[in-house]
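Please read the structure below before turning to the comments.
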Amino acid sequence: MAKFPFPDKDKHWQQFWKQYATFRHQNPSESSKPKFFVMDMFPYPSGSGLHVGHPLGYIATDIIAKYRKLQGYNVLHPMGFDSFGLPAENYAIQTGTHPAITTENNITRYKEQLEMLGLGYSDTAELRTSNPEYYRWTQWIFLKLFDSWYDRKLNKARPISDLTAHLSQFGTQNLDPAGGEILSFTAESWKALSEADQQKALLNYRLAYISYAPVNWCEALGTVLANEEVKDGLSERGGHPVTRIPMRQWSLRITAYSDRLLEGLDSLDWSDALKEMQRNWIGRSSGLEISFPLEGRAESLEIFTTRPDTLFGVSFLSVAPEHPLAASLLTAVQKEAGLAYIEKSKSRSERDRMADTKQVSGVFSGTYARHPFTGKEIPVWIADYVLAGYGTGAVMAVPAHDDRDFLFANHFGLEKKQVIQCPENFDNHAAAWTEKSGKALNSDFLNGLEVPAAIEKAIVEAEARGLGKRKINYRFRDAIFSRQRYWGEPIPIIFKGDIPYALPESELPLLLPEVESYKPTGTGESPLAAIESWVNLPDGSRRETNTMPGWAGSSWYFLRYLDAHNSKSFSDAEKAQYWLNVDLYIGGTEHAVGHLLYSRFWTKVLYDLGHSPVEEPFQKLVNQGMILGYRYYLEADVDNKIIYGLKNVPSGKATIKLEIPQALMAEHASFKKERLSELLEHHQLNPSGWKWEAPDGDFVETPAYTDKMSKSIGNVVNPDDMCQHYGADTFRMYEMFLGPLEQYKPWNTNGITGVHGFLKKVWNLLHNENDQLILTQEAPTKEELRLLHTLIKKVREDIERLSFNTSVPAFMVFANEMHRLACRKQEIWNSAIICLAPYAPHIAEEIWKEMGHSTSIFTATFPEFQAEYLVLDEINYPVQINGKTSSFTLTYPAGMDKNALEEAVRADEKLGEILKGRELKKLIVVPGRIVNLVLEG
RNA sequence: GCCGGGAUGGUGAAACUGGUAGACACGCAGGACUUAAAAUCCUGUGGCCCGAAACGGCUGUGCGGGUUCGAUUCCCGCUCCCGGUACCA
């Protein structure tokens, strides 16, 4: 028998591809082929390397890239590294190793692993975000954001110079910029402002602006923490308390793009789930903003509601404790209780407030407002279920038609007035009728209208009477764009006094300076602040010491892939025109509302400013599922006497459950038992030296739980081992075979032998005992050709719809059939090996070479993969069933008429026998296979 | 709570537009080769029933209904699981 030479040969082909740059893309000027741009969400190179979960998406993009190449496309399939980030910085704090060194080592390791899997990337496109040649352009884009404002009239971003020109000519007249405060100037008053005041005003409109936002401050560590570093209000490292304190921050005005980010989703080929996540995150809701005049005061209280149809059911107003008017609303009688409540709300962390959402709390302010329509007195309450940050920070409460208001009214015994008809069987004493259906009643001019019509009418009426206006609110907030950290892109800004100025483009890249210590400064500023010589400039101005957040570099990297070494521009316009947008992007759902929203935002800004030919970066996006690791537990009933270490143990028997490491599952039962006793002791459940003894002397293995693979859980399966043992091709195919790409699935190494066996079977069929390829020049039979074309069709269709898992069985069936027929015909196998190449590139290359080719299989184009091959037509085929006429779709190769097809079916040996002399009533055929056949009688 | 997705043998799963449910693989059982093992190959394998066997019958895609000549697929009502999100007015 032939000796299957894998994985031994893997390295050879990986070297070969590298040497000949097989997977390097061609620039538009060098190629007349159609383009295909496919990419993965690039990794952060962590210290622990890849586990078997990571490559899932990488293998999928690699298969489609190789397939497109064989199809004749100019393929760009790049890989890069998101190399700024916290772990390397934290490691630097602990060990003093420069993050650049750690990062470099990790990238080296990642690249080795990626190469080991036979993944073919375009070498000239590789990038890393921490490279100055890269972050130079990240800084450049930041400056573009800083130098832009959003014109809501034209619905696009424009240079600040346009704004200043308008201001000095017309003031704020005819101007509708997205901004923080609404400012108003005449041309004269604008020109009269000092330079500093003008700059301050402009900061209100820039797409990158300064704000004061709360950060996670940890006093004990003397540093600001990222959200991921805070667990349950304590720092992840050390477990010190964390408080929220406001700090000067850069923010990006992403909210200006809310509507365009929403609308853009419609044109994208993304999953509904993902689009929905982004929609929810943006959280657009339209309604009415209306003012309630306050009794005996000049001010009014502005509230926002999405249910203006229930206006006549208002029984009180609620304002957030942080509302600017909250304290001033308190009358003398209510002052003490009210202030105490406001104080208490302040001290409660956001987390605490969220934790007990079921708890109703609030206090009456003593003040009344007047209902804008009825003039009725409405009490004003202060309640922490109202969020200061959303809408106006004040709401109208309609207990009969809102759950929260209902609970609140119940708790404080406030009035509930029904204004929307609810079904008869609905008990409106037990709950609020919150459905947006039913007719309005007790509602003056709204009576009799259905909810949607009533909403509309109420808004129109409020606007007509000058009481309020239609308003759209977003849950979405502007994106905070600074980190008080070292290992990130320096922000290219200089402060003169407290006014920020852009660093001149000629001074980019602003290099990240060396620091003596990576430790936080203790003041909350980044370690950069400690470098006096860097921060202070000769003219007395100071540099910004914040750095950019992790998502800065990843928001535009797809643009850099096209032109990774351009030192003149961030990406060449001609190349961008040719390559964009990305045809397929594969990555995890964890980036659904972060990276994917930010990169859409940046792309839109660049598009508005004329730097990007497309408005949406990623046309088609697929979320690959995660590969999970198993967690094993042993479960046993034990006597509660001996487990007093556990809390809340019920009397009598109790069940304990202990997690045990994966490696242990393979061990002998008696060893496991011993080990369980050890674990019990380790967990101090058995301090009295009791020996494990379950009633039947045994324990129960619970069904395995699955969880993310992580080093700390110890359920990581390493791709290196898999590749060493079975070879990269087996591993690649097995990862695909495991199940649908999008699905979450546990890794189970057991099945891998099936895929391995298939590849060996192919090899053994084609080689003799002396490892020589034995192919014959015989003409293939009809059956062999049919099997081959079934395979080609299946592989094509599956890859086109990204269903890689169903292609693998097609290969197996084909191999089994060829084995059965002992088919070693050159004509058949030449094509079959090309089909196999995207999945098992190493084996395909080896056989290809043995067939006498001197160049890579991937430099070939395969006509059978091209569009015009196997074009199918359809006809409607009417049939009589039980006297009724139905029609069925008949699919057949182009150029073949119905009669010819039926003839062909009848000509089939077996079918001919069955069909002889009978009428064909129904026939459903796909090429090569009859799906359904109904005969008379 | 709300939004999205899902449930098919012992296991991972397939079935593309409603058309032979369970392809393919793992596992298991039996067999061939072998002194033996490994490797390789062959056969069987949803459940139940009849039968010496070939053949055959019934049943079966989470549960209950419906549409249809025909439903894993479409519709209505449930149960459970997974993911996202949450005092967003």
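Quick caveat: nothing in here was measured; it's all calculated off a predicted structure. Order of the sequence lines sets the chain letters (A, B, ...), proteins ahead of strands, with each chain counted from 1.
Remark: C1' of B/A23 and NZ of A/Lys794 are 9 Å apart, rounded to the nearest angstrom. The distance between atom CZ of A/Arg820 and atom C1' of B/C24, rounded to the nearest whole Å, is 16 Å. Across the protein-nucleic acid pair, A/Phe408 atom CZ and B/A89 atom C1' stand 13 Å apart, rounded to whole Å. Here B/A89 presents its P atom at 22 Å from CD1 of A/Ile382, a figure rounded to the nearest Å. Look at NZ on A/Lys471: it is 13 Å from P on B/A89, rounded to the nearest Å. The CZ-C1' distance, from A/Arg477 to B/A86, rounds to 14 Å in whole Å. In this structure, CG of A/Asp402 is placed 11 Å from C1' of B/C88, rounded to the nearest angstrom. Put simply, CG on A/Asp272 is 14 Å from P on B/C3, counting in whole angstrom units.
In this structure, the side chain of A/Glu289 does not engage the main chain of A/Lys469 through any donor-acceptor pair within 3.5 Å.
Nucleotide B/G9 carries a syn base; the chi torsion (O4'-C1'-N9-C4 or O4'-C1'-N1-C2) is within 90° of 0.
Here B/C24 is the nucleotide among B/C16, B/C24, B/C42 with the atom lying nearest to any side-chain atom of A/Asn816. Side-chain proximity of A/Thr305 to the nucleotides B/C16, B/A14, B/A89 is greatest for B/A89. Taking every side-chain heavy atom of A/Lys745 into account, B/A13 is the closest of B/C87, B/C88, B/A13. Side chain of A/Leu387, nearest nucleotide from B/U40, B/C87, B/C16: B/C87. Minimum atom distance to the side chain of A/Asn805 is reached by B/A13, of the listed B/C24, B/A13, B/C16. Comparing B/U85, B/G4, B/C16 by their nearest atom to the side chain of A/Ala273 picks out B/G4. The nucleotide whose nearest atom lies closest to any side-chain atom of A/Arg404 is, among B/A13, B/A14, B/C88, B/C88. Here B/G84 is the nucleotide among B/A89, B/U40, B/G84 with the atom lying nearest to any side-chain atom of A/Met277. The listed nucleotides are B/C87, B/C24, B/A89; the one nearest the side chain of A/Asp384 is B/C87.
Across all strands shown, B/C48 forms a Watson-Crick or G-U wobble pair with B/G57, both key distances being under 3.5 Å. Summarising the base pairing, B/C33 is matched to no nucleotide, lacking a Watson-Crick or G-U wobble pair whose two defining distances lie under 3.5 Å. With a cut-off of 3.5 Å on both pairing distances, the Watson-Crick or G-U wobble partner of B/C2 is B/G84. Shown here, B/U73 forms no base pair; nothing in the strands shown gives a Watson-Crick or G-U wobble contact with both key distances under 3.5 Å. For B/U67, there is no paired base (Watson-Crick or G-U wobble, both distances below 3.5 Å). Base pairing of B/G10 is made with B/C26, judged by Watson-Crick or G-U wobble geometry with both donor-acceptor distances under 3.5 Å. When both distances must be under 3.5 Å, the Watson-Crick or G-U wobble mate of B/U17 does not exist. Across all strands shown, the partner of B/C78 is B/G62, judged by Watson-Crick or G-U wobble contacts whose two distances both fall under 3.5 Å.
The aromatic rings of A/Trp747 and A/Tyr734 stand perpendicular to each other, their planes meeting at an angle above 60°, with 30° marking the opposite boundary. Ring planes of A/His595 and A/His591: perpendicular class, angle over 60° (limits at 30 and 60°).
OP1 or OP2 of B/A89 has not a single side-chain nitrogen or oxygen of A/Tyr385 nearer than 4.0 Å. Within the structure, a side-chain polar atom (N or O) of A/Ser285 is placed less than 4.0 Å from OP1 or OP2 of B/A89. Taking only side-chain nitrogens and oxygens, A/Lys761 never comes nearer than 4.0 Å to OP1 or OP2 of B/U40.
A gap of 15 Å separates the P atoms of B/G22 and B/G44, to the nearest Å. Going from the C1' atom of B/C28 to that of B/U35 covers 27 Å, rounded to whole Å. Separation of the P atoms belonging to B/U72 and B/G62 is 9 Å when rounded to the nearest angstrom. For the C1' atoms, the distance linking B/C78 with B/A21 amounts to 25 Å, nearest Å. Rounded to the nearest Å, the gap between the C1' atom of B/G6 and that of B/U43 is 37 Å. Between B/C80 and B/A25, the two P atoms lie 38 Å apart (nearest whole Å). Atom P of B/A23 sits at a distance of 15 Å from the matching atom of B/G12, rounded to the whole Å. Nucleotides B/C82 and B/G31 are separated by 44 Å at their C1' atoms, to the nearest Å.
Taking 4.5 Å as the limit, some side-chain heavy atom of A/Met733 sits within range of a side-chain heavy atom of A/Phe811.
In summary, A/Asp266 and A/Arg279 engage in a salt bridge, as defined by a charged side-chain N under 4.0 Å from a carboxylate O.
Each of A/Phe737 and A/Arg475 was matched to the nucleotide of RNA chain B holding its nearest heavy atom; the match closer to the 5' end belongs to A/Phe737. Toward the 5′ end of RNA chain B lies the nearest nucleotide of A/Gln743, the other residue of the pair A/Asn750 and A/Gln743 mapping further downstream.
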Checklist entry - Is there a side-chain contact (heavy atoms from CB on, under 4.5 Å) between A/Tyr744 and A/Leu628 once you walk through the steps? => result CA-CA 7 Å; A/Tyr744 279 62; A/Leu628 307 168; 4.3 Å; yes

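Relative to the six-membered ring of A/Phe304, A/Lys471 misses at least one condition, a distance below 6.0 Å or an angle of at most 45° to the axis.
For A/Phe408 and A/Phe316, the ring centers are positioned less than 6.0 Å apart.
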